[in-house]
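The structure displayed is predicted, hence computed values, not measured ones. Atoms considered below: every heavy atom in the structure, side chains included; atoms not considered: hydrogens, waters and symmetry mates.
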Amino acid sequence: PAGEKWVKNYITNLGINTSNIFGISPSVVIRNISNISNMTAGFDHVELCKKIINKYSNSHQSVLIIPHSVGNGKDLKTCDLALARKIYNELEEKENVFLLDDASLTYKQARAIIGKLSFYITSRYHSLASALKMKIPTISLSWHIKYEDIMKLYLDKFLIVDCRTKNITESLKLIDEFYEQRDWFCEEIMHKKQNEIENEIKCSIDMIVDDIKKVKL
């Protein structure tokens, strides 16, 4: 992540109190999935995000909408920033709700911002990876098994809200339960598992490097 001084200044300049920030990252991928009954894909993904924002924004907690896959800022089929702008503009109440409308951010800077969240709901895989790395209490809005796979590396108990099987009411109920009761989250265990993961990766890379060295050109 980018440096601590940079991220504190950046968030403060947005007008956000850094002490309690609820983050949410919508996804054009989920929005583009054809919706049928009892799902939170398609346009219901947008509605779910709006309801989450309305529920968790208050005088004690700001909500920051974080577009994580940024394109031209206009195409709702390919750009999370365009989707985030749509969601923000359609909110009836915007008090203590902020949009990260900045296409110039580097990945390190985006990760640093995620690291300042007190709670995070994301439907993007790479933002989920950043949140786990930064040890932030995180819920995933999911459309693919890969979300569950990475969560298993860090947590024994976690919440994956599958957009193909859960409707808005069910999703909000599950999110509320995990938001209120956080016995599933342990920063120390996540730190230990992160070290284990990095050691496994290092061993794999070392094996590849050793085999490359053995090749006679």
Side-chain angles (χ1 to χ4, degrees), residues 1-11 18-30 64-70 80 100 102 104-166 174-175 177-217:
E4 182 72 10
K5 182 178 180 181
W6 177 88
V7 69
K8 282 187 176 181
N9 288 338
Y10 188 89
I11 291 175
T18 59
S19 62
N20 197 10
I21 308 171
F22 184 106
I24 181 168
S25 290
S27 168
V28 291
V29 175
I30 295 180
L64 179 60
I65 307 172
I66 305 173
H68 205 266
S69 180
V70 177
D80 286 350
L100 192 61
D102 186 351
S104 70
L105 291 172
T106 67
Y107 197 88
K108 287 186 175 183
Q109 290 168 341
R111 174 167 285 190
I113 292 169
I114 290 172
K116 282 300 176 184
L117 302 176
S118 56
F119 200 89
Y120 191 27
I121 296 180
T122 181
S123 47
R124 277 299 188 175
Y125 182 80
H126 291 93
S127 60
L128 176 58
S130 283
L132 293 170
K133 169 69 174 178
M134 300 300 288
K135 303 169 188 68
I136 303 301
T138 304
I139 290 171
S140 173
L141 306 182
S142 168
W143 64 275
H144 193 280
I145 189 65
K146 63 184 179 180
Y147 294 86
E148 181 178 348
D149 287 344
I150 194 171
M151 289 283 256
K152 283 180 178 178
L153 295 176
Y154 287 85
L155 297 164
D156 294 326
K157 182 181 178 183
F158 50 85
L159 179 57
I160 299 289
V161 182
D162 189 342
C163 72
R164 299 178 189 272
T165 61
K166 295 290 187 293
L174 288 169
I175 289 168
E177 289 175 358
F178 269 69
Y179 178 81
E180 295 295 337
Q181 180 57 261
R182 302 191 195 180
D183 57 347
W184 52 274
F185 178 77
C186 180
E187 190 170 336
E188 291 77 13
I189 292 176
M190 293 179 75
H191 180 74
K192 179 182 177 182
K193 291 191 174 186
Q194 175 71 38
N195 289 335
E196 292 172 355
I197 292 166
E198 290 181 358
N199 286 334
E200 287 186 22
I201 293 172
K202 183 180 183 302
C203 288
S204 297
I205 293 174
D206 287 344
M207 289 173 63
I208 294 171
V209 172
D210 288 342
D211 281 346
I212 291 173
K213 289 179 178 178
K214 293 175 184 178
V215 175
K216 294 181 180 179
L217 300 177

key: CA sep, side-chain torsions, deciding dist, call: R182, F119, side chain to side chain contact (heavy atoms under 4.5 Å, CB included)   = CA-CA 10 Å; R182 302 191 195 180; F119 200 89; 3.4 Å; yes
message = Which residues pass the ring-ring contact (aromatic ring centres under 6.0 Å, His included) test with Y10, not counting sequence neighbours?
response =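 Applying ring-ring contact (aromatic ring centres under 6.0 Å, His included) to Y10 gives W6.
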inquiry  = For F178, give me all partners under ring-ring contact (aromatic ring centres under 6.0 Å, His included), at least two apart in sequence or on another chain.
reply    =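 With neighbours one apart ignored, the set is W184.
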Looking only at atom types and distance, does a side-chain atom of [X] sit under 3.5 Å from a main-chain N or O of [Y], one as donor and one as acceptor?
{"X": "S127", "Y": "S123", "value": "no"}
{"X": "S25", "Y": "P67", "value": "no"}
{"X": "K135", "Y": "K133", "value": "yes"}
{"X": "S142", "Y": "S140", "value": "no"}

Of the non-hydrogen atoms in [X] and [Y], which two are nearest, and what is the gap between them?
{"X": "A131", "Y": "Y120", "result": "CB-CD2, 3.6 Å"}
{"X": "S104", "Y": "Q109", "result": "O-OE1, 4.2 Å"}
{"X": "L174", "Y": "K166", "result": "CD1-CE, 3.7 Å"}
{"X": "R111", "Y": "P1", "result": "CG-CB, 4.0 Å"}

S69 and D80: side chain donor to acceptor below 3.5 Å =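 On atom types as modelled, these side chains do not qualify, holding no pair under 3.5 Å.
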key: Result of checking E188, Q194, E196 against K192 for side chain to side chain contact (heavy atoms under 4.5 Å, CB included)   =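 Output: one option passes, namely E196.
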inquiry  = Can you confirm whether K8 sits close enough to K116 that some side-chain heavy atom of one is under 4.5 Å from a side-chain heavy atom of the other?
reply    =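 Counting from C-beta outward, K8 and K116 do come under 4.5 Å.
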query = Below 4.5 Å, heavy atoms only, C-beta onward: do L141 and C163 meet side chain to side chain?
reply =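 No - every pair of side-chain heavy atoms lies 4.5 Å or more apart.
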ask   = So does E198 pair up with K202, basic N to acidic O under 4.0 Å?
value =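 No, E198 and K202 are not salt-bridged.
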key: Separation between CG of L100 and CG of L105, rounded to the nearest 0.5 Å   =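 CG of L105 is found 5.5 Å from CG of L100.
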